[in-house]
Amino acid sequence: MEYHVKDLSLAQEGKSRIEWAEKDMPVLRSIRESFSREKPLKGIRISACLHVTTETANLVITLKEGGAEVYLTASNPLSTQDDVASALVKYYQVPVFAIKGEDTETYYTHLHQVIKEEPHIVIDDGADLISTLHKDYPELSMKVLGGMEETTTGVIRLKAMARQGVLKFPIIAVNDAYTKHMFDNRYGTGQSTIDAIMRATNRLIAGSNFVVAGYGWCGKGVAQRAKGMGATVIVTEVDPIKALEAKMDGFLVMPMMEAAKLGDFFVTVTGNTSVIREEHFKVMKDGAIISNAGHFNVEIDILALERMSVKKREIRKFVEEYELLDGRRIYLLAQGRLVNLASAEGHPASVMDMSFANQALSARYILENHDKLQKNVYKVPDHIDRQIAELKLRSMGVHIDSLTQEQVTYLSSWEVGT
Ligand code: NAI
């Protein structure tokens, strides 16, 4: 079996951590049980480009249990957990190509390795796998039955491909399922981003000015959690509706130019480029700590920071100190890459349980329905989304009401008013 991981001697630690995550993934476990009985993915090759974490390992094991052959590469050069990658190779016979800290060339070599396996289904997080497949392997992309995309940025890229008419197979936008973005993006990114900043810096968040750029699903989570830690939270936005929501949720709202002067911590979560740039670095306080939790490392203009700096050193792990001409120091976390995966462990298993339940059930859905789907980007079918919410509630011991017959009739009628 071909693979490329850092060190197989880490495998035992990885296996224990995979088992620890599994305990908090009841929905995925129940899908694994049915996959194990029914083998819906028998004979199917799946190439996946995902953050190589304990939760991803549980998804891969579930897909294998369903009968698939799975090939795994990383969706970010800094997000791989090397012990997990090794455990997947050693204990679960999964070909993994991922090493934390790999350079861009190795990152792409790894992508090519999983593409060459001629997948029937692809799973992506950020659309690097699917875009590379389309650009460099047009003949292989014609043979793919369908794919799934995990994150907001990837869905945006794939919708652009569909609009331009270049997409070669249907995509299920897992990110757009309610049971994904409302929980994973909000509570997952919220908790793990704060966790990462604390692990990287060991600085006190209480009493600080904490700037969050972008008040989408991720931004709401980060802002809520920073507030809970005692920070004064400042939100920057470009969308007036989101800005209004942030204001009414109790946050300060202002342009980045103003926020830059006040912030002790900065987190970008916009999915956009150059959100913090030269004009902002010029007015930041000495000691400002900047980080990104958006998918790509484009949200902070690092090249501008490099140009403006006279000195640079790694002062702590994943904390780079940039000294500017006037003596101010700005600290960049995790090279501007997804801080929650680089400096911490990514989202807790309990939210990934739902995200990856969507992935597993979407794989089955694609196999059963690919001939009816166009070369377009689709939502996860509502019945799958609801089924996952029901299973999650059940696993938490939470019961809810159901509509009475009278209520069903009332809600589908128009005659009764005041
Ligand atoms: P979203 O679309 O819900 O929110 C993005 C927000 O950023 C929007 O409200 C938009 O108006 C705002 N925005 C855009 N340009 C801006 C600018 N120049 N300044 C201020 N605000 C701006 O997207 P979501 O789901 O919150 O995702 C954000 C990013 O985080 C994406 O790149 C996504 O792929 C990534 N992501 C990262 C995760 C992680 O583990 N770190 C988990 C899930 C998503």
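Values in this document were obtained by computation on a predicted structure and should not be read as measured data. All ligand and atom numbering here is 1-based and tracks the order in the structure.
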Checklist entry - Should the ring pair His4 and His110 be called parallel, tilted or perpendicular, given that the plane angle runs from 0 to 90° and is split at 30 and 60? => result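 His4 vs His110 ring planes: perpendicular.
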
Next on the checklist: To the nearest 0.5 Å, what is the distance between CG on Asn297 and CD on Gln335?
Outcome noted: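 Here the interatomic distance stands at 8.5 Å.
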
Item to check | Close approach of His181 to ligand 1, heavy atoms, under 4.0 angstrom | outcome: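 Contact absent.
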
Checklist entry - Any heavy atom of His347 sitting closer than 4.0 Å to ligand 1? => result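 Judged by the 4.0 Å heavy-atom criterion, His347 does count as contacting ligand 1.
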
Heavy atom of the protein closest to [atom] (residue, atom name, distance):
atom                    : result
atom 30 (O) of ligand 1 : Gly294 CA, 3.5 Å
atom 5 (C) of ligand 1  : Thr270 O, 3.6 Å
atom 23 (O) of ligand 1 : Thr152 CG2, 3.5 Å
atom 1 (P) of ligand 1  : Gly216 CA, 3.9 Å
atom 32 (O) of ligand 1 : Thr153 OG1, 2.5 Å

Listed pairs under 3.5 Å, donor-acceptor, residues 83-90 side chains, sequence neighbours left out:
unit_1 : atom_1 : unit_2 : atom_2 : d
Asp83  : OD1    : Arg17  : NH2    : 3.1
Asp83  : OD2    : Arg17  : NE     : 2.8
Asp83  : OD2    : Arg17  : NH2    : 3.3
Ser86  : OG     : Asp7   : O      : 2.9
Ser86  : OG     : Asp82  : O      : 2.8

Can you list, pair by pair, the side-chain donor-acceptor contacts under 3.5 Å of residues 111-123, counting residues two or more places apart and other chains?
unit_1 : atom_1 : unit_2 : atom_2 : d
His112 : ND1    : Tyr137 : OH     : 2.6
Gln113 : NE2    : Glu2   : OE2    : 3.3
His120 : ND1    : Arg45  : N      : 2.8

Next on the checklist: Please check this pair: side chain of Asp24 against backbone of Ala349, looking for a donor-acceptor N/O pair closer than 3.5 Å.
Outcome noted: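 Not a single qualifying donor-acceptor pair exists.
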
Next on the checklist: As a check for students: among Thr189, Val155, Thr273, Asp125, identify the option with a heavy atom nearest to atom 38 (C) of ligand 1.
Outcome noted: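 Residue with the shortest heavy-atom distance to the ligand atom: Thr189.
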
